[in-house]
*Asks:* 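The structure follows.
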Amino acid sequence: MNVLFEEDGGFKAGSIMADNDSSLQVEMPSGKRSKIKSATVLLRFEKPSAGTLLEQATPLAEEIEADFLWECVSDGEFSFLDFARDYYGHDPAPVEATAVLLALHAAPVYFHRKGKGRFRKAPADILAAALASLEKKRQQALAIEGWISELREFRLPPEIGALTDALLYAPDRNKPETKAFETACAETGLTAAQLLFKCGAIKSAYHLHYKRFLHEQFPKGVGFPAVETPGLPADLPKAEVRAFSIDDAHTTEIDDALSVTWLPGIGSRIGIHIAAPGLAIAHGSPLDGVARARLSTVYMPGNKITMLPDAVVQNYTLAGGVDCPAVSIYLTVSDSLEILGHESRLERVHIAANLRHHEVEPWFNEQTVGGALPDQPFARELLHLWHFANACEGRRGKPSAVQGVNDYNFAIIGDLADPEACTVEISERKRGSPLDKLVAELMIVANSTWGGLLAEKNIACLYRAQTQGKVRMTTSPLPHEGLGVPQYAWMTSPLRRYCDLVNQWQLIACLRGETPSFAQKSAELFAAMRDFEITYGAYADFQRLMERYWCLRWLQQHGVSEIDATVRREQLVKLDHLPLLLRVPSLPGDLPPGQRVHLAIDSIDLLAPELTCRFVRLLGEANPAEAVEEDEA
């Protein structure tokens with residue numbers, strides 16, 4: 001005797017070896033023996049053999065039309081054996097009964113399972129809805145196949161093109177278009193960006209990178225909400241100084257300026273003047289909400305996204321020829337360049353000039369500071385500040401700028417609405433010039449001194465600490481070992497960094513004797529610090545990515561096929577005259593840092609953006625001084 005039984009959602013047949021009341025021992029056609037429950041048995045039969053029952057019944061079941069069965073069966077629950085008897089008009093043979101069972105089981109839309117071998121036909125309205133859904137899925141599957149076929153041939157279906165941004169930055173994998181697109185990516189071996197670029201959906205790699213950044217950091221766009229621009233405070237005393245700023249040609253958010261007042265018989269009073277938006281932007285105000293959401297200005301070659309609206313920046317930037325609100329620290333400096341004391345004030349400072357690097361450095365540089373300077377505005381003040389900066393650097397025991405590291409300025413010529421038509425110019429500038437040093441040292445003095453003042457007054461502050469080589473933000477006045485100062489708080493860029501604005505609020509409250517905006521161990525302050533550090537890092541990563549993109553464009557623009565580089569470590573090299581680091585797997589092993597090499601450029605991928613280079617030959621002996629890497633401060 002043989003049995004047909006149900007197991008794991010399917011049907012199997014076997015020969016009975018032992019028959020107990022509640023269970024059976026059966027042998028499968030494969031020879032495997034199994035113990036099954038009697039309740040799972042649907043049919044007992046002698047012929048055909050267990051091995052051929054399903055083989056004979058399956059083709060018969062495929063010939064039975066589900067819609068015809070549905071028309072034949074009456075309402076109510078029924079057994080497959082009873083229905084097989086009605087369908088064939090006689091007691092069904094085991095193969096016939098099994099064929100009806102398989103046909104009913106294969107049509108769940110038409111027949112609902114109600115138990116062992118029992119079914120109920122679907123109501124007409126439910127069946128109609130289910131059939132409509134199946135037809136929709138069938139049409140969808142056909143559409144997906146069509147989209148995949150077009151994408152394989154690098155043609156862009158309109159339905160896929162309409163979802164370009166979503167497919168790149170936030171794919172909805174429930175959409176059939178996404179399923180088709182990702183299947184096409186897998187079949188072609190291309191990334192989403194590469195496939196869309198080949199299909200013409202991406203016109204420029206620049207827009208790909210920029211839009212991805214906006215999607216991640218500015219999902220609501222870069223426009224500012226309608227907020228009232230605060231006016232300038234009218235009750236500030238006027239400082240009796242003529243201050244000047246030092247910045248590159250493209251700086252519009254001018255945060256800091258300097259002044260020198262000569263004190264006969266004593267030395268000088270050096271003023272460090274910082275733009276004071278904290279006097280007008282109230283903590284908790286709508287404008288604070290704008291700055292808190294952005295946390296920093298975003299920089300990239302040829303463009304930037306400011307932390308504050310332009311009208312606010314224009315009101316509080318230290319523009320030349322204007323009396324500007326400022327938080328000032330005055331250092332009383334002896335003739336031997338020792339700091340005898342300091343005083344901080346809230347005041348209006350007249351900005352006599354905005355000096356620019358490219359205008360000053362031709363006459364104020366490493367070669368000229370040792371002799372007589374030409375008759376230029378603020379030449380005497382600059383020379384004095386240069387000597388003072390050297391003295392400060394010596395007292396700290398740490399250099400203010402890493403020697404051998406260069407700054408790179410990018411000029412994008414053309415309209416970024418059509419980046420493919422733009423050209424890029426990259427200029428290289430050695431860091432550590434007299435201008436660099438004097439600005440860096442004076443900012444270190446201001447940031448460390450004001451940080452110490454707030455620590456002394458037990459006023460909460462966001463510090464920048466470096467211990468055991470690791471730089472991090474903290475609310476504790478810990479040392480910054482890289483700068484050689486007992487504490488260091490970013491306070492000199494409140495127009496473009498939110499942590500500086502927060503610290504300026506705390507400093508203003510300290511100078512006015514008022515309750516500060518943030519108490520010690522403030523949860524809001526901790527949240528602002530955490531969000532700032534994460535966001536500032538993301539903005540810096542994006543800036544590096546865009547600089548990398550424009551470096552690759554520069555190589556393409558100049559048709560560069562071979563280039564020199566310096567080994568930093570292992571397979572990592574820095575290309576000459578470009579802020580571009582990359583790994584070159586073909587470099588000989590164990591090359592020392594500073595080794596000069598000549599490379600061939602094999603490929604440039606602007607979508608990645610990545611550059612592939614191949615080692616050609618060595619260039620001279622290694623110079624470790626050329627392998628200096630910048631430490632974060």
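Here the structure is a predicted model, which is why all the values come from computation and not from measurement. Reckoned from all heavy atoms, side chains included, excluding hydrogens, waters and symmetry mates.
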*Asks:* Going by the angle between their ring planes, with limits at 30° and 60°, are Y539 and F213 parallel, tilted or perpendicular?
*Replies:* perpendicular
*Asks:* Should we say atom CD of E153 is surrounded by more than 12 heavy atoms from elsewhere, each under 6.0 Å from it?
*Replies:* yes
*Asks:* Who pairs with R583 by side-chain hydrogen bond (donor to acceptor under 3.5 Å, both in side chains), at least two apart in sequence or on another chain?
*Replies:* none
*Asks:* Counting neighbours of CG on D590 that are heavy atoms of other residues, nucleotides or ligands and sit closer than 6.0 Å, is the number greater than 12?
*Replies:* no
*Asks:* Please work out which of the three classes, parallel, tilted or perpendicular, describes the rings of F111 and F78, given edges at 30° and 60°.
*Replies:* perpendicular
*Asks:* Mind checking salt bridge (Lys or Arg N to Asp or Glu O under 4.0 Å) for R553 and listing every partner two or more places apart, or none if nothing turns up?
*Replies:* none
*Asks:* Ignoring hydrogens and geometry beyond distance, is a side-chain donor-acceptor pair present between H105 and E6 at under 3.5 Å?
*Replies:* no
*Asks:* Is it true that atom NZ of K198 has more than 12 heavy atoms of other residues, nucleotides or ligands lying nearer than 6.0 Å?
*Replies:* no
*Asks:* Is K203 salt-bridged to E420, cutoff N-O under 4.0 Å?
*Replies:* no
*Asks:* May I ask you to say whether E77 pairs ionically with R120, meaning some side-chain N is under 4.0 Å from a carboxylate O?
*Replies:* no
*Asks:* Salt-bridged, E547 to R544, with N to O below 4.0 Å?
*Replies:* no
*Asks:* Could you tell me whether K304 atom NZ has more than 12 heavy atoms of other residues or ligands within 6.0 Å of it?
*Replies:* yes
*Asks:* Which of parallel (below 30°), tilted (30 to 60°) and perpendicular (above 60°) describes W550 and Y206?
*Replies:* tilted
*Asks:* Please work out which of the three classes, parallel, tilted or perpendicular, describes the rings of Y536 and F532, given edges at 30° and 60°.
*Replies:* parallel
